[in-house]
A.B. asks: 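Here's a structure for you.
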Amino acid sequence: MKIQRPRGTQDFLPQEMAKRRFIENKMRKTVESWGYQEIQTPIFESLDLFTLRSGDTIIDQSYIFDDKGGRKLILRPELTEPVTRLYVEKLQVDPKPLKLYYFSNCFRYERPQKGRFREFWQFGVELIGSDRPESEVEVIALASSVLETIGLKGNLRVGHLGALRSLMGDLSDEQKNSVIRFIDKRDYEGLRTYLEEISATSLEENIRALIESKDINEARGIVGDVPALERLENISSQLDLHGISHKIDFSVARGLEYYTGMVFEIYAEGLGTENQICGGGSYRLAHLFGGEDTPSTGFAFGFDRVVLALGDIQLPQQTKIMIVSTREQRDWARTKVAPRIRKYFPTEVDLMNRDINGQLSRSNAIGATHTVIVGDKERQKGEEFVTLKNMNTGEQEMLTIEEAIKRIKLDGI
RNA sequence: GUGAGUGUAGCCGAGAGGCCUAAGGCGCCAGGUUGUGGCCCUGGAGAACGAGGGUUCAAAUCCCUCCACUCACCCCA
């Protein structure tokens, strides 16, 4: 019986992997250039970490298991809580704001679809310890910058949960969260039913008006001049200063229950139904994990979706050398010539005892930029001599090994 | 979790009850060319047709179950 990989998981072949690393490296460089430092947390955590605040659906969709010591564990369904846990455990006294980033796999037990996997990769940042609007703006601007460097266009929507929460002033936190969940799902029928249940039908009209309002002034007319709107206005005008186009959208509610303030989402085109490539916002979680109450803002990119949205991209040609030799010289080529060139460039030698023709064919097949030919003619001229062939132009010349290395560098492929 | 579609060699893909011990193309290996690649030509290896069961004299082709993928719902990244 053939064993298949588990449902919703992916194998990455060399070509796909090269593409993913290419994109990943660009994303890393971007956030590092803004001063964010990489961290890594365990692939599984205590179940409690996620039951505290994530919401029931996240738990329903998680891989939860007991280890042999009877501990309740969970494969991380996302990374904001683990990072906050790490912060509380190890980094609370570090200078603020703390700027962290991660690139890690997460697990959710869902029905797979294009851009939706049971194991998927998130690339995200958390900016911890600042309550200033500048910080929230930076996180959005950074997400936008990441998209720009990888050459992907996104549709940015920014909202603020405070407006909605102040509108629901009299409801309990639990009730507010329920309402937010309905809005996030755009389940307005369910919302109505729920409001009837908790005898708050008077709210419905204003809630609908708020989430349909297109700008902050319109929202002011509904909820009044509350701090949340002032904050969002501030953020929005700063985004304008950064030249970041965005839409104000009060229906951006985020499914995760820990978000408390500004929230944003980015959508890409051409991904079908799973088109959200990034989500983020401001939250307070540290105090729930035994730390000080700490304002934080973060985002996460769905890396697999980003890769999908980018489609076929042309990767830059990498310098790659194939050493081709006659049968008489293959030991010399393999043990004396190749190691010297390998110090500078990725270098392959023949392993199939092929003739010159076959070796050149191989050189072509692996996409070598240059072929170094080592044969009797070269050896007769002297131990240092090889023939360097540029595989793009077909030009070739007999040179010393040192000259050949210089020439390859000069070609700068 | 609900509904729909799909599943033939590494990849694409023909075949729709007996002509199938399954076409073709790409890729792979070898040769044409014992010191020159990409093109071309020739040959070769590679599939009991997603898995298991059933109907039939006969199944890749029909039925059932399971598995996987795709799409929508849902959920979010």
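Chain identifiers are assigned alphabetically (A, B, ...) following the order of the sequence lines, protein sequences preceding nucleic acid strands; residue numbering begins at 1 within each chain. None of these values were measured; they are calculated from a predicted model.
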A.B. asks: Identify all pairs in which a protein N or O lies below 3.5 Å from an N or O of nucleotides 31-33 of chain B, and state each distance.
C.D. replies:
unit_1 : atom_1 : unit_2    : atom_2 : d
U33(B) : O2'    : Asn357(A) : ND2    : 3.2
U33(B) : O2     : Asn357(A) : ND2    : 2.6

A.B. asks: In whole Å, what is the span from the CD atom of Glu110(A) to the C1' atom of G1(B)?
C.D. replies: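 About 11 Å, once rounded to whole Å.
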
A.B. asks: Taking atom C1' in both C67(B) and A77(B), what distance in whole Å separates the two?
C.D. replies: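 Straight-line distance between the two C1' atoms is 26 Å.
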
A.B. asks: Distance check, C1' atoms only: A59(B) and G53(B), in whole angstrom units.
C.D. replies: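 So the two C1' atoms sit 14 Å from each other.
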
A.B. asks: Distance check needed: U34(B) C1' versus Asp376(A) CG, whole Å only.
C.D. replies: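 Interatomic distance, CG of Asp376(A) to C1' of U34(B): 12 Å.
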
A.B. asks: Considering only atom C1', compute the distance from A48(B) to A60(B) and round it to an integer number of Å.
C.D. replies: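 Rounded to whole Å, the distance is 10 Å.
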
A.B. asks: Considering heavy-atom distances to RNA chain B, does Gly394(A) or Ala365(A) have its closest nucleotide positioned more toward the 5' end?
C.D. replies: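 Of the two residues, Ala365(A) wins.
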
A.B. asks: Please verify the inter-ring angle class for Tyr283(A) with Tyr258(A); under 30° counts as parallel, over 60° as perpendicular, anything in between as tilted.
C.D. replies: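 Judged by the thresholds at 30° and 60°, the geometry between Tyr283(A) and Tyr258(A) is perpendicular.
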
A.B. asks: Sticking with atom P, work out how far A51(B) lies from U33(B), rounded to a whole angstrom.
C.D. replies: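 Comparing P positions in A51(B) and U33(B) gives a spacing of 44 Å.
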
A.B. asks: Indicate whether OP1 or OP2 belonging to A77(B) is found under 4.0 Å from a side-chain N or O atom of Gln122(A).
C.D. replies: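 False: Gln122(A) side-chain N/O out of range (4.0 Å or more) of A77(B) OP1/OP2.
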
A.B. asks: Any ion pair linking Arg85(A) and Glu81(A) (charged N to carboxylate O, less than 4.0 Å)?
C.D. replies: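 Not counted as a salt bridge, because no side-chain N and carboxylate O are separated by less than 4.0 Å.
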
A.B. asks: Describe the nucleic acid contact of Phe117(A) in one word from base, sugar-phosphate, nothing, applying a heavy-atom distance below 4.0 Å.
C.D. replies: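 Base contact - Phe117(A) has a heavy atom under 4.0 Å of at least one base atom.
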
A.B. asks: Do Glu383(A) and Lys336(A) meet the salt-bridge criterion of a basic N to acidic O distance under 4.0 Å?
C.D. replies: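 Salt bridge: no.
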
A.B. asks: Strictly distance-based, threshold 3.5 Å: is any side-chain N or O of Ser236(A) a donor or acceptor partner for the main-chain N or O of Leu232(A)?
C.D. replies: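 Here the side-chain-to-backbone pair does not exist.
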
A.B. asks: Since syn is defined as within 90° of 0, does A72(B) count as syn or as anti?
C.D. replies: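 Anti for A72(B); the angle lies over 90° from 0.
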
A.B. asks: Output the single nucleotide from C71(B), A77(B), C29(B) whose closest atom is nearest the side chain of Met352(A).
C.D. replies: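 Selected nucleotide: C29(B).
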
A.B. asks: Between U70(B) and G50(B), how far apart are the two C1' atoms, rounded to whole Å?
C.D. replies: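 These two C1' atoms come out 15 Å apart once rounded.
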
A.B. asks: Both Arg305(A) and Val374(A) contact RNA chain B. Taking the nearest nucleotide for each, which residue is further toward the 5' end?
C.D. replies: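 Closest to the 5' end, via its nearest nucleotide, is Val374(A).
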
A.B. asks: Is Arg76(A) salt-bridged to Glu45(A), cutoff N-O under 4.0 Å?
C.D. replies: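 Here Arg76(A) does not pair with Glu45(A) in a salt bridge, since their nearest N and O are not under 4.0 Å apart.
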
A.B. asks: Which of the following nucleotides, A77(B), U36(B), C71(B), is nearest to the side chain of Arg116(A)?
C.D. replies: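 Of A77(B), U36(B), C71(B), A77(B) is nearest to the side chain of Arg116(A).
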
A.B. asks: Looking across every strand, which nucleic acid part, if any, lies under 4.0 Å from Cys106(A) by heavy atom: base, sugar-phosphate, or nothing?
C.D. replies: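 Since no nucleic acid heavy atom lies under 4.0 Å of Cys106(A), the category is nothing.
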
A.B. asks: Would you classify Gly375(A) as touching base, sugar-phosphate or nothing, given that sugar-phosphate means primed atoms plus P, OP1 and OP2, and contacts are heavy atoms under 4.0 Å?
C.D. replies: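 Contact class for Gly375(A): base.
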
A.B. asks: Whether Lys153(A) and Glu148(A) form a salt bridge (side-chain N of Lys/Arg under 4.0 Å from carboxylate O of Asp/Glu) is what I want to check.
C.D. replies: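 So Glu148(A) does not pair with Lys153(A) through a salt bridge.
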
A.B. asks: Which whole-number value in Å describes the distance from Ile366(A) CD1 to G27(B) C1'?
C.D. replies: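 Distance check: Ile366(A) CD1 to G27(B) C1' gives 17 Å.
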
A.B. asks: Taking atom P of C73(B) as reference, at what distance in whole Å does atom NZ of Lys114(A) sit?
C.D. replies: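 Rounded to the whole Å, the gap is 15 Å.
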
A.B. asks: Closer than 4.0 angstrom, basic N to acidic O: yes or no for Glu328(A) and Arg379(A)?
C.D. replies: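 No.
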
A.B. asks: Please evaluate the base of U36(B) for a donor-acceptor partner in the side chain of Gln396(A) within a cut-off of under 3.5 Å?
C.D. replies: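 Flag set: donor-acceptor pair detected.
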
A.B. asks: NA contact type, Lys389(A), heavy-atom cut-off 4.0 Å: base, sugar-phosphate, or nothing?
C.D. replies: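 Counting heavy atoms under 4.0 Å across all strands, the contact made by Lys389(A) includes a base.
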
A.B. asks: So Glu378(A), base contact, sugar-phosphate only, or nothing? Heavy-atom distance under 4.0 Å.
C.D. replies: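 Base contact.
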
A.B. asks: Tell me the interatomic distance from Phe182(A), atom CZ, to C74(B), atom P, rounded to whole angstroms.
C.D. replies: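 Roughly 13 Å, once rounded to whole Å.
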
A.B. asks: Quick one: list whatever passes side chain to side chain contact (heavy atoms under 4.5 Å, CB included) with Asp355(A), sequence neighbours left out.
C.D. replies: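 Expected list: Arg327(A), Asn357(A).
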
A.B. asks: I'd like the P distance from U6(B) over to C63(B), given in whole Å.
C.D. replies: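 Going atom to atom, P in each nucleotide, I get 11 Å.
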
A.B. asks: Output one line per pair: protein atom, nucleotide atom from nucleotides 67-69 of chain B, and distance, for all N/O pairs under 3.5 Å.
C.D. replies:
unit_1 : atom_1 : unit_2  : atom_2 : d
C67(B) : O2'    : Gln4(A) : OE1    : 3.1
C69(B) : OP1    : Gly8(A) : N      : 2.8
C69(B) : OP2    : Arg7(A) : NE     : 2.8

A.B. asks: Could you state the atom-to-atom distance from CD of Gln61(A) to C1' of A77(B) in whole Å?
C.D. replies: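 Going from CD in Gln61(A) over to C1' in A77(B) covers 11 Å.
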
A.B. asks: Would you mind checking if Glu110(A) and Arg116(A) are paired as a salt bridge, meaning a charged N to carboxylate O distance below 4.0 Å?
C.D. replies: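 Yes, this pair counts.
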
A.B. asks: Can you check the distance between U21(B) and C28(B), where both ends of the measurement are the P atom (answer in whole Å)?
C.D. replies: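 My reading of the P atoms in U21(B) and C28(B) gives 30 Å.
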
A.B. asks: What residues, two or more places apart in sequence or in another chain, satisfy side chain to side chain contact (heavy atoms under 4.5 Å, CB included) together with Leu308(A)?
C.D. replies: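 Per chain and number, Leu308(A) pairs via side chain to side chain contact (heavy atoms under 4.5 Å, CB included) with Lys114(A), Leu271(A).
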
A.B. asks: Could you tell me whether Gly358(A) contacts a base, only the sugar-phosphate backbone, or nothing, with contacts defined as non-hydrogen atoms closer than 4.0 Å?
C.D. replies: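 No contact.
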
A.B. asks: In terms of side-chain geometry, is the basic nitrogen of Asp66(A) or Arg71(A) positioned less than 4.0 Å from the acidic oxygen of its partner?
C.D. replies: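 Answer for the salt bridge query: no.
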
A.B. asks: Check whether Lys99(A) reaches the backbone of Trp34(A) with its side chain - one donor and one acceptor, N or O, closer than 3.5 Å.
C.D. replies: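 Indeed, once roles are kept as given, a pair shorter than 3.5 Å links the two residues.
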
A.B. asks: Base, sugar-phosphate, or nothing: which does Asp304(A) touch, judged by heavy atoms less than 4.0 Å apart?
C.D. replies: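 Since no nucleic acid heavy atom lies under 4.0 Å of Asp304(A), the category is nothing.
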
A.B. asks: Please check the phosphate of U34(B) (OP1 and OP2 only) for any side-chain N or O of Arg354(A) closer than 4.0 Å.
C.D. replies: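 No, outside the criterion.
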
A.B. asks: I need the CG-C1' distance between Leu75(A) and A77(B), as an integer number of Å.
C.D. replies: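 Whole-Å distance recorded here is 17 Å.
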
A.B. asks: So, do Trp121(A) and A77(B) meet the stacking rule of ring centres under 5.5 Å and planes under 30°?
C.D. replies: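 It does not: the two rings, one from Trp121(A) and one from A77(B), miss the stacking criterion.
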
A.B. asks: Charged N to carboxylate O below 4.0 Å: is that the case for Lys406(A) and Glu403(A)?
C.D. replies: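 Salt bridge absent between Lys406(A) and Glu403(A).
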
A.B. asks: Is the shortest distance from a Lys or Arg side-chain nitrogen in Arg330(A) or Asp350(A) to a carboxylate oxygen in the other one below 4.0 Å?
C.D. replies: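 Answer for the salt bridge query: yes.
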
A.B. asks: Provide the distance between the two P atoms, one in G5(B) and one in C64(B), to the nearest whole Å.
C.D. replies: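 That atom pair is separated by 12 Å.
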
A.B. asks: How many whole angstroms separate atom CE of Met322(A) from atom C1' of G37(B)?
C.D. replies: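 Taking CE of Met322(A) and C1' of G37(B), I get 11 Å after rounding.
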
A.B. asks: Looking at residues at least two apart in the chain, or sitting in another chain, which of them share a side chain to side chain contact (heavy atoms under 4.5 Å, CB included) with Gln37(A)?
C.D. replies: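 Gln37(A): no side chain to side chain contact (heavy atoms under 4.5 Å, CB included) contacts found.
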
A.B. asks: Any base atoms under 4.0 Å from Met391(A), or only sugar-phosphate, or nothing? Heavy atoms, all strands.
C.D. replies: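 Base contact.
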
A.B. asks: Name the nucleic acid region contacted by Gly124(A), choosing base, sugar-phosphate or nothing; use a 4.0 angstrom heavy-atom cut-off, strictly under.
C.D. replies: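 The residue Gly124(A) makes no contact with any strand.
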
A.B. asks: Pick base, sugar-phosphate or nothing for Ser363(A), based on heavy-atom distances below 4.0 Å to the nucleic acid.
C.D. replies: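 Ser363(A): no heavy atom of the nucleic acid under 4.0 Å.
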
A.B. asks: Taking the side chain of Lys377(A) as its heavy atoms from C-beta onward, which of C74(B), G37(B), G35(B) lies nearest to it?
C.D. replies: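 Nearest to the side-chain atoms of Lys377(A), counting from C-beta on, is G35(B).
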
A.B. asks: If you only use heavy atoms from C-beta on, which nucleotide in C71(B), G37(B), G35(B) is closest to the side chain of Thr387(A)?
C.D. replies: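 Out of C71(B), G37(B), G35(B), the nucleotide with an atom closest to Thr387(A)'s side chain is G35(B).
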
A.B. asks: So what is the 5' to 3' dot-bracket string for RNA chain B, if pairs are Watson-Crick or G-U wobble with both distances under 3.5 Å, crossing pairs use [ ] and | means the partner sits on another strand?
C.D. replies: ((((((((.[[[..)..(.....]]].(((((.......))))).....[[[[[..)....]]]]])))))))....

A.B. asks: Please confirm whether any donor atom in the side chain of Arg111(A) sits under 3.5 Å from an acceptor in the base of U2(B), or the reverse.
C.D. replies: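 Indeed, a donor on one side and an acceptor on the other fall under 3.5 Å apart.
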
